[in-house]
Asks: 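So that we are looking at the same thing, I have put the structure below in structure tokens.
The structure displayed is predicted, hence computed values, not measured ones.
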Amino acid sequence: MSQTDISSMEEEKVVGVTSRTPGDSPNRALLDEDALKLAEMGYTQDLRRNYSVWAVLGVGFSLTNSWFGISAALVTGINSGGPLLIIYGIIIITCISTCVGITLSELSSAMPNAGGQYFWANELAPKKYARFASYLTGWFALAGSIFTSASVALALGSALVGCWQLSHPDLEIKSWMVFVAYQLSNLFCYFFNTYNRHLPILAQITLYTSLISFLIIGITVPSVAPTHQQAKFVFATFINNTGWSQSGIAFLVGLINTNWSFACLDCATHLAEEVHRPERMIPIAILGTVAIGFITSWTYSIAMFFSIVGDFNELVATPTLVPILELFYRATSSKAGAIALESLILATGFGCLVASHTWQSRLAWSFARDKGLPGHQFLKKVHPQLGVPLYAHTATTFIVACVGCLYLGSYTAFNSMITACIVLLYLSYSVPTACLLIRGRKNIAPGPFWLGPIGLVANVVLLVWTAFTVIMYSFPYTYPATAGSMNYVSAVYFVVVCIMGVDWFVRGRKSFRGAGERKAEIEGLVREEVRRQSVDPNDPSCCYGPKAMLGKKEG
């Protein structure tokens, strides 16, 4: 199928195309099938399906990027459990993430849609509560994506300023320096998502960059380190500098750090309308992300802990405020070498932020086309030349920039939003999962990826873990808690719920589209296209017919 044909389809918002003829290419037939499935859900094909499974995996892993997350979260992990927390915490979170991945994969295989969890909630919830359940899920997911981008931008800003401080030892890092670096990182990555054609290629490049950087750092640092830690230190040392007298509570609270490294597994689901055969490709990308994340983060953590030179506690007190950079410096005995290795982490981190922008923009765009957000008239538009939801991308990036301003007021309050990104995303997964179990797993049409009893166990684990995180991740990071060390994540939840509640009662409950409205509108588009093509809608061979397109009887 030529590029001209694809563009024509996009401009006319054709919801399905005619049956395959002998002259059609295999790609055209595949596009017909994907567009048909999308039309059955009540949507038109507005974005090009130009992502391969490797590109989707690239976006998914670039965002989750577990070994990068371990590097960024090392400072708090050191205080809340030390090596033992990181090494065994990764194993625990991988098991949880596998269950989350299975749940998301089953749902995305059965109902592949860019809306992801908010769309599933609409389809699975009892009819009386479907619209509100979907609306609630969409807001949780979008807020979680915004806070995720903010946390990645902060990690990049801190690393950039840390590198500068290492080369200028007299510099005392101030909050405004990190803030400026945060904003520049956010703005820089914004431009990569303004043109659709290169995004799939960029996603694959980012995937390879991350894996190559992981190998270079994982081999170089242990090789050049003048001394190495004992195995007992790496696998059996628990450090509790939190003030909690119960080591168990310190360990559980500290799991936030490793959990952040496996967050955002729903990213690939929001690219379901940009990849062929999403019912098969999305599960591969999700579970592939978990598998690669475990291998890279676990081996990376072991390699780094063996390579610590000198006093472990000195890593926390580093003037760069970036413990992994101090670790590189002590291992290589070279500032240039440490900065070179950190630059590989920065390259990986920028790819992570680009992927996060892709994710949040697709989520906002899909939610807006169902009128879930204020200003949806603009946010739902796809730029005809650039091929991206430019308004949604610009708006969400601007919100990330505004969130960064809170860092100037309180680092602790900002850090609470990082915790919120984990819990809010889990809540967004839990709503459709709970609806699935209430409805009954046997009462939906499964996709190619469906694990039966194993899937049921994964669903239950996800719900239990979500309840755990809502409680345990709200505990103060240190005890006794002070105004400067308090965990304000509950306040973040309150603000998100207030914003969502006001919008729901002022606008959302009247305008938010449910499944019935979507399918009624798409049927109207189908009928209009039928008339335009002068095709008999009752012809069984016609894929424009409402029976073929929507699985519904006419009238």
Side-chain angles (χ1 to χ4, degrees), residues 56-73 77 81 85-109 116-117 120 140-141 144-145 147-148 151-152 207 210-211 214 251-252 254-270 282-301 352 355-356 359 418-433 449 451 454-470 472-473:
V56 176
L57 176 61
V59 174
F61 178 73
S62 297
L63 176 55
T64 302
N65 227 325
S66 301
W67 77 269
F68 164 76
I70 292 296
S71 292
L85 170 73
I86 301 296
I87 298 299
Y88 298 104
I90 289 175
I91 297 175
I92 294 171
I93 298 300
T94 298
C95 294
I96 301 297
S97 297
T98 300
C99 293
V100 174
I102 289 173
T103 299
L104 296 179
S105 295
E106 284 189 332
L107 290 170
S108 61
S109 182
Q117 54 267 51
W120 305 330
F140 282 160
S145 70
F147 295 150
T148 299
S151 65
V152 176
L207 172 63
S210 177
L211 295 178
F214 155 74
F251 182 89
L252 294 175
L255 279 176
I256 295 173
N257 306 292
T258 49
N259 209 155
W260 184 70
S261 303
F262 283 85
C264 319
L265 291 177
D266 64 298
C267 174
T269 67
H270 304 293
I282 300 302
I284 292 174
I286 292 174
L287 295 177
T289 295
V290 176
I292 298 174
F294 169 71
I295 294 171
T296 55
S297 62
W298 199 62
T299 54
Y300 176 80
S301 299
C352 179
S356 190
W359 169 48
I418 297 176
T419 303
C421 86
I422 301 172
V423 179
L424 288 173
L425 289 174
Y426 278 139
L427 288 171
S428 74
Y429 307 156
S430 295
V431 174
T433 303
F449 184 89
L451 298 186
I454 297 176
L456 175 60
V457 173
N459 298 160
V460 173
V461 170
L462 168 58
L463 294 178
V464 172
W465 183 254
T466 300
F468 169 85
T469 59
V470 170
M472 292 305 304
Y473 289 1

Asks: According to salt bridge (Lys or Arg N to Asp or Glu O under 4.0 Å), does anything in residues 291-300 pair up with another residue at least two apart or in another chain? List the pairs.
Replies: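 Pairs touching residues 291-300 that pass the test: none.
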Asks: Return the OG1 to CG distance between Thr258 and Leu85, rounded to the nearest 0.5 Å.
Replies: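 Interatomic distance, Thr258 OG1 to Leu85 CG, rounded to 0.5 Å: 5.5 Å.
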Asks: Run the numbers on Phe294 and Thr98 for side-chain contact (heavy atoms from CB on, under 4.5 Å), then give the verdict.
Replies: CA-CA 10 Å; Phe294 169 71; Thr98 300; over 6 Å; no
Asks: Considering residues at least two apart in sequence or located in another chain, which fulfil the side-chain hydrogen bond (donor to acceptor under 3.5 Å, both in side chains) criterion with Ser301?
Replies: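 With neighbours one apart ignored, the set is empty.
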Asks: Looking at Ala285 and Val56, what are the two nearest heavy atoms and their distance?
Replies: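 Where Ala285 meets Val56 most closely, the heavy atoms are CB-CG1, 3.6 Å.
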Asks: From Asn257 CG over to Ile90 CD1, what is the distance, rounded to the nearest 0.5 angstrom?
Replies: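 So the gap between those two atoms works out to 10.5 Å.
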Asks: By ring pair (Phe, Tyr, Trp, His ring centres under 6.0 Å), which residues pair with Phe449, not counting sequence neighbours?
Replies: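 Applying ring pair (Phe, Tyr, Trp, His ring centres under 6.0 Å) to Phe449 gives none.
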Asks: If I compare all heavy atoms of Leu287 with all of Gly101, which pair ends up nearest, and what's the gap?
Replies: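 Reported closest heavy-atom pair: CD2-C, 3.7 Å.
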Asks: In a check of side chain to side chain contact (heavy atoms under 4.5 Å, CB included) between Trp67 and each of Leu211, Thr299, Thr296, which one passes?
Replies: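 The passing option is Thr296.
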Asks: Determine whether Tyr429 and Thr103 make a side-chain contact, defined as any pair of heavy atoms from C-beta on separated by less than 4.5 Å.
Replies: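 Side-chain contact under 4.5 Å: no.
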Asks: According to side-chain hydrogen bond (donor to acceptor under 3.5 Å, both in side chains), who are the partners of Thr466, at least two apart in sequence or on a separate chain?
Replies: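 Thr466 satisfies side-chain hydrogen bond (donor to acceptor under 3.5 Å, both in side chains) with Ser430 once adjacent residues are dropped.
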Asks: Angle between ring planes, Tyr473 versus Trp465, binned at 30° and 60°: parallel, tilted or perpendicular?
Replies: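 Plane angle over 60°, so perpendicular.
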Asks: Any donor and acceptor pair, going by atom type alone, linking the side chain of Ser356 with main-chain N or O of Leu63 inside 3.5 Å?
Replies: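 It does not hold such a pair.
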Asks: Any side-chain heavy-atom pair from Trp260 and Cys421 closer than 4.5 angstrom?
Replies: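 With C-beta onward as the side chain, the pair touches.
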Asks: Can you tell me how far OG1 of Thr148 sits from CG of Leu425, rounded to the nearest 0.5 angstrom?
Replies: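 The OG1 atom of Thr148 is 5.0 Å from CG of Leu425, to the nearest 0.5 Å.
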Asks: So how far is it from Ser105 OG to Ile282 CD1, rounded to the nearest 0.5 Å?
Replies: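 Going from OG on Ser105 over to CD1 on Ile282, the span is 9.0 Å.
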Asks: Are the side chains of Ser62 and Ser210 in touch, meaning some heavy atoms are under 4.5 Å apart?
Replies: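 No - every pair of side-chain heavy atoms lies 4.5 Å or more apart.
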Asks: Please name the pair of heavy atoms, one in Ser428 and one in Gln117, separated by the smallest distance, quoted to 0.1 Å.
Replies: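 The answer is OG-NE2, 2.9 Å.
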Asks: Distance check, rounded to the nearest 0.5 Å: Ser297 atom OG versus Ile292 atom CD1?
Replies: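 Going from the OG atom of Ser297 to the CD1 atom of Ile292 covers 11.5 Å.
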Asks: Start with the C-alpha distance between Phe147 and Val423, add both sets of side-chain angles, then the distance that settles side-chain contact (heavy atoms from CB on, under 4.5 Å), and finish with yes or no.
Replies: CA-CA 11 Å; Phe147 295 150; Val423 179; over 6 Å; no
Asks: Between Tyr300 and Ser71, do the side chains contain a donor N or O and an acceptor N or O under 3.5 Å apart?
Replies: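 Looking only at side-chain atoms, Tyr300 and Ser71 do form a donor-acceptor pair, the distance falling under 3.5 Å.
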Asks: Would you say the side chain of Asn259 lies within less than 4.5 Å of the side chain of Tyr426, judging by non-hydrogen atoms?
Replies: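 Result yes, sub-4.5 Å side-chain heavy-atom pair found.
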Asks: What closest approach, in Å, do Gly455 and Ile102 show between heavy atoms, and which atom pair accounts for it?
Replies: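 So the minimum-distance heavy-atom pair works out to CA-CG2, 4.1 Å.
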Asks: Of the non-hydrogen atoms in Ile87 and Trp298, which two are nearest, and what is the gap between them?
Replies: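 In terms of heavy atoms, the two residues are closest at O-NE1, 3.1 Å.
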Asks: Once side-chain contact (heavy atoms from CB on, under 4.5 Å) is applied, do any residues pair with Ser97, and if so which ones, sequence neighbours excluded?
Replies: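 Ser97 satisfies side-chain contact (heavy atoms from CB on, under 4.5 Å) with Ile93, Phe262, Leu265, Val290 once adjacent residues are dropped.
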Asks: Would you mind reporting whether Glu106 and Leu451 have side-chain heavy atoms less than 4.5 Å apart?
Replies: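 They are in contact (side-chain heavy atoms under 4.5 Å apart), so the answer is yes.
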Asks: Locate the shortest heavy-atom distance separating Ser108 from Thr269; write the atom from each residue and the value.
Replies: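 Residues Ser108 and Thr269, closest heavy atoms: CB-CG2, 4.0 Å.
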Asks: Who passes side-chain hydrogen bond (donor to acceptor under 3.5 Å, both in side chains) against Thr289, sequence neighbours left out?
Replies: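 Applying side-chain hydrogen bond (donor to acceptor under 3.5 Å, both in side chains) to Thr289 gives none.
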Asks: Identify the residue among Asn459, Val460, Val100 that makes a side chain to side chain contact (heavy atoms under 4.5 Å, CB included) with Thr433.
Replies: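 Testing Thr433 for a side chain to side chain contact (heavy atoms under 4.5 Å, CB included) against Asn459, Val460, Val100 leaves exactly one candidate, Asn459.
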Asks: Can you tell me how far apart CH2 (Trp359) and OG1 (Thr64) are? Round to the nearest 0.5 Å.
Replies: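 The CH2 atom of Trp359 sits 8.5 Å away from the OG1 atom of Thr64.
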